[in-house]
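Naming convention: chains lettered A, B, ... in sequence-line order (proteins, then strands); numbering from 1 in each chain.
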There are 2 protein chains.
Amino acid sequence: MVSRRRPTMKDVAEHANVSISTVSYVLNDSGPVAAERRNRVLDAIRLLDYSPNESARSLKRRSASTVAMVVPDLTNQFFAMVAEGVHRAASAVDVLVVLVLPDATELPEESQAKLLRSQRVDGVIYLSGTGSMPAAIYDLARSGPVVLVDEQIPGRDLPAVVCDSRRGGREVAAHVLAQDHRRLAVVGGPPALWTAQQRLAGYREAFAGAGIDPDSVPVFAGDYRQESGYAAATEILSRPESERPTALLCANDLMAIGAMQCLRDNGLSVPGDMSVAGFDDQPISSMLTPALTSVRQPAYDMGHRAARVLFDLLEGREPDTTGPLPAEVRIRDSVGPPKEL
Amino acid sequence: MVSRRRPTMKDVAEHANVSISTVSYVLNDSGPVAAERRNRVLDAIRLLDYSPNESARSLKRRSASTVAMVVPDLTNQFFAMVAEGVHRAASAVDVLVVLVLPDATELPEESQAKLLRSQRVDGVIYLSGTGSMPAAIYDLARSGPVVLVDEQIPGRDLPAVVCDSRRGGREVAAHVLAQDHRRLAVVGGPPALWTAQQRLAGYREAFAGAGIDPDSVPVFAGDYRQESGYAAATEILSRPESERPTALLCANDLMAIGAMQCLRDNGLSVPGDMSVAGFDDQPISSMLTPALTSVRQPAYDMGHRAARVLFDLLEGREPDTTGPLPAEVRIRDSVGPPKEL
DNA sequence: TTGTATGCGTTATCAC
DNA sequence: GTGATAACGCATACAA
């Protein structure tokens, strides 16, 4: 593979016996050009297998046609699906998506800000998901447009695409309560995270609606990871059976899975001995035994819309600012009537 | 946000009272510069919050410091983990990774080739995974370096990072046989895919080693998706029980999961009534009930190594060409002794 | 309609 | 050690 020099516009122009600008005109429809000459150019392009050098284009246009997508963890299928939505929206307008995963070796927001400033990317889609992510984002946003997904920063209004987590929380909780559970417990997410707050708020609304004092329901602090679900369940099982909750509301599927593992390891059955509900509706959740009752978030759509919002911002359009997307309860087998009945 | 023009080297030079070249020298260590002036430059850079325009750099250097990573589907956790490995290796050398997912709307290899030729990316990491992908890749490889992951094209020798699927197949099969199963069946992957061929070849070696004629073992053609596992199991269950296999070797986890669902739907227990083994060891597989016996592929390492190979190629180094990575059997609960015993 | 010339921000060559 | 200056490949204002 002798890797010959790639053809440039100049080569094309020479082959077609026209000037460079003419080539540019046909490439971008940016000027009038006679049909016959246009064809000559097109032929030359095909012949030489020419394609424009995007670095030069970016330099000239001051835009890289590229966005960064920050996700905490690709193996989480929720993030993966958001990523697919982003990718799809981007490739529809010929924009590249560069992947940014937190790199243990450096401060994440610093490297992202550098990326933005270097003009290798025009904007950022930010999925905090897990982890803290405080005002640092706001710094980031000074270097260029940033769109948040499934997250909101109270006070500052950064553009964000979210779904109605509070309502989703209210509805799963209501579903559980409708099975006549009266003693519940919550395994919550990181208290600093917006999603965790919303989901919890939703649960509490449902409790109140069912005549249960929200403050009487114990909340175990988790971190959205499987281990923390296991740990919370362990703690719950350390109590005498008569004081245990009969149903567990977990703020995400991973923790629900951890809790279910713990219950199984201790010889309890789900939902026979204890009901468990999750949140996220990861694809895997429906494959479990029992299949997990959860709340589906439209991950793909959220990613897609976030990308659209970012593009609107980049092109000075007013972003589509319709409300949160719906989150729907998926009723499955992990929630049943309480044992006592 | 009034989005002022970003500072350029020229601005830095003026602030520091030096020439542009001096700034360039300190930025790249590409020339000698007196300590005192170097500091002036550094200060100016900090003051102006300057960072170099990478489009201009790419243009000049004829390299984008960016690679493309083609994956069929991010929600498959194997691919997600490969992607993480690639990302890590890339960010260690300050290379960006752009995500490429097959876009239903156009021929995949065409858009990728365009990407390569446009010099927005310097090379490609290609994960065919599922789907056919024939000689088209080879065309791609003429536009620039391409490294295959978990795939090989017989005949042509494109650089590829694989793991020892044949051995992995042999070893799971041996594990199953060691439980005294004698009537087995295989749910294979797409026959055109290298991995599917290797895994099957491994199974057959084990059969032969156990005194079973490999040709006597029925192979159901799957496509690596869950549904095809379900379908294969359905077909198997249509036979009289005395002719059914007592163990199912599935060429990937997804199909194993599908098969297990089918068995459950028909009231059969795993491994009580039939044993099932997978391949890939997706994170979810250990969370199933029963946990799936599978073969772990070092996905992250494969991605990491593939990226290293690509960088070697890009910089004219001889790529590290150590053999396939090991694939290890993960023994779990979905394989047990046959029912008859 | 078409061509010429200039600039985008960097790097690198060459004089000084 | 340092600083002009010419590319890099493309887009475009302006002249023809």
Side-chain angles (χ1 to χ4, degrees), chain A residues 3-42 44-45 48-66 94 114 116-122, chain B residues 3-42 44-45 48-66 94 114 116-122:
Chain A
S3 177
R4 287 240 334 293
R5 190 179 62 79
R6 294 192 199 283
T8 72
M9 274 185 31
K10 191 166 165 226
D11 301 317
V12 175
E14 282 168 6
H15 260 76
N17 270 313
V18 298
S19 76
I20 290 190
S21 20
T22 304
V23 178
S24 180
Y25 292 153
V26 344
L27 246 45
N28 316 320
D29 280 332
S30 51
V33 35
E36 190 256 353
R37 297 166 69 81
R38 145 171 280 114
N39 284 332
R40 285 218 310 269
V41 171
L42 259 19
I45 289 179
L48 298 177
D49 194 29
Y50 165 81
S51 82
N53 180 320
E54 291 292 337
S55 299
R57 265 194 173 169
S58 304
L59 178 58
K60 194 70 198 156
R61 298 192 163 151
R62 299 147 170 292
S63 120
S65 295
T66 304
D94 217 47
K114 214 172 57 186
L116 253 179
R117 285 202 306 268
S118 74
Q119 301 171 55
R120 290 171 91 174
V121 304
D122 304 322
Chain B
S3 178
R4 288 240 333 295
R5 190 179 62 78
R6 294 193 199 284
T8 71
M9 274 184 31
K10 191 169 166 221
D11 301 316
V12 174
E14 282 168 6
H15 260 76
N17 269 313
V18 297
S19 75
I20 291 190
S21 354
T22 303
V23 177
S24 179
Y25 291 153
V26 345
L27 246 45
N28 314 319
D29 279 333
S30 50
V33 36
E36 189 257 352
R37 314 181 104 241
R38 145 171 280 115
N39 283 333
R40 287 218 310 271
V41 171
L42 259 19
I45 288 179
L48 298 177
D49 193 29
Y50 165 81
S51 82
N53 180 321
E54 292 292 338
S55 299
R57 271 198 168 165
S58 304
L59 178 57
K60 196 61 193 164
R61 297 189 162 154
R62 299 146 172 291
S63 119
S65 296
T66 304
D94 217 47
K114 215 172 58 187
L116 252 179
R117 284 200 307 267
S118 75
Q119 301 172 53
R120 292 172 88 173
V121 304
D122 304 323

Distances for protein N or O near nucleotides 13-16 of chain C N or O, under 3.5 Å:
residue, atom, partner, partner atom, Å
C:dT13, O4, B:Tyr25, OH, 3.3

Quiz item: Atom CD of B:Gln119 and atom C1' of D:dG9: how far apart are they, to the nearest Å?
Solution: 9 Å

Self-check item: Side-chain donor-acceptor pair present, B:Thr22, B:Ser19, cut-off under 3.5 Å
Solution: yes

Quiz prompt | C:dT10 phosphate, OP1 or OP2, under 4.0 Å from B:Arg61 side-chain N/O | solution = no

Practice problem: For residues A:Ser51 and B:Lys114, report the shortest heavy-atom separation together with the two atoms involved. | Solution: OG-O, 4.3 Å

Self-check item: Heavy-atom pair with the smallest gap, counting every atom of B:Tyr50 and B:Thr8
Solution: CE1-C, 3.6 Å

Quiz item: Below 4.0 angstrom from OP1 or OP2 of D:dG3, is there any side-chain N or O of B:Arg37?
Solution: yes

Practice problem: Please check the phosphate of C:dT11 (OP1 and OP2 only) for any side-chain N or O of B:Arg62 closer than 4.0 Å. | Solution: no

Quiz item: For A:Val33, which contact category applies under a 4.0 Å heavy-atom criterion: base, sugar-phosphate, or nothing?
Solution: sugar-phosphate

Practice problem: Remember a base hit wins even if backbone is also touched, and classify B:Met9 as base, sugar-phosphate or nothing at under 4.0 Å, heavy atoms. | Solution: base

Quiz item: Got a sec, which residues hit side chain to side chain contact (heavy atoms under 4.5 Å, CB included) with B:Ser55, two or more places apart in sequence or on another chain?
Solution: A:Ser58, A:Leu59, B:Asn53

Practice problem: Using the test side chain to side chain contact (heavy atoms under 4.5 Å, CB included), find all partners of A:Ile20 that sit at least two apart in sequence or belong to another chain. | Solution: A:Met9, A:Lys10, A:Ala13

Quiz item: To the nearest Å, how far apart are A:Asp29 CG and D:dT12 P?
Solution: 12 Å

Exercise. Specify the closest pair of heavy atoms between B:Val33 and B:Val26, including all atoms of both residues, with the distance to one decimal.
Key: CG1-CG1, 4.3 Å

Quiz item: Between D:dC10 atom C1' and A:Arg6 atom CZ, what is the distance in whole Å?
Solution: 17 Å

Exercise. Look at A:Thr22 and C:dT1 and indicate whether a side-chain polar atom (N or O) is within less than 4.0 Å of OP1 or OP2.
Key: no

Quiz prompt | Of residues 48-60 of chain B, the positions that come close to DNA chain D - non-hydrogen atoms, cut-off under 4.0 Å | solution = B:Leu59, B:Lys60

Practice problem: Check A:Leu116 against B:Arg6 and note the closest heavy-atom contact, atom names and distance. | Solution: O-NH2, 4.1 Å

Quiz prompt | Sub-4.5 Å side-chain heavy-atom contact between B:Ser65 and B:Arg57 | solution = no

Exercise. Please give the angle, rounded to 10 degrees, between the axes at the start and the end of the helix from C:dT1-D:dA16 to C:dC16-D:dG1, where five pairs define each axis.
Key: 40°

Quiz item: Any idea which heavy atoms bring B:Ser24 and B:Ser30 closest together, and the distance?
Solution: O-OG, 3.8 Å

Quiz item: Please give, in whole Å, the distance from D:dT12 C1' to A:Leu27 CG?
Solution: 14 Å

Exercise. Taking all non-hydrogen atoms of both residues into account, name the closest pair between B:Asp122 and B:Ala64 and its distance.
Key: OD1-N, 2.7 Å

Quiz item: CD/A:Glu54 to OG1/B:Thr66 distance, rounded to the nearest 0.5 angstrom?
Solution: 12.0 Å

Quiz prompt | Whole angstrom value for the distance that separates C1' of C:dT2 from CZ of A:Arg38 | solution = 13 Å

Quiz item: How many Å lie between CZ on A:Arg5 and P on D:dG9, as a whole number?
Solution: 7 Å

Quiz item: Would you say a side-chain N or O of A:Thr8 is under 4.0 Å from OP1 or OP2 of D:dG9?
Solution: no

Self-check item: Nearest-Å distance for atom pair CZ/C1', residues A:Arg40 and C:dT1
Solution: 13 Å

Quiz prompt | d(CD1, B:Ile20; C1', D:dT5) in whole Å | solution = 10 Å

Quiz item: For residues 18-32 of chain A, which residue pairs qualify under salt bridge (Lys or Arg N to Asp or Glu O under 4.0 Å), counting only residues two or more places apart or in two chains?
Solution: A:Asp29-A:Arg38

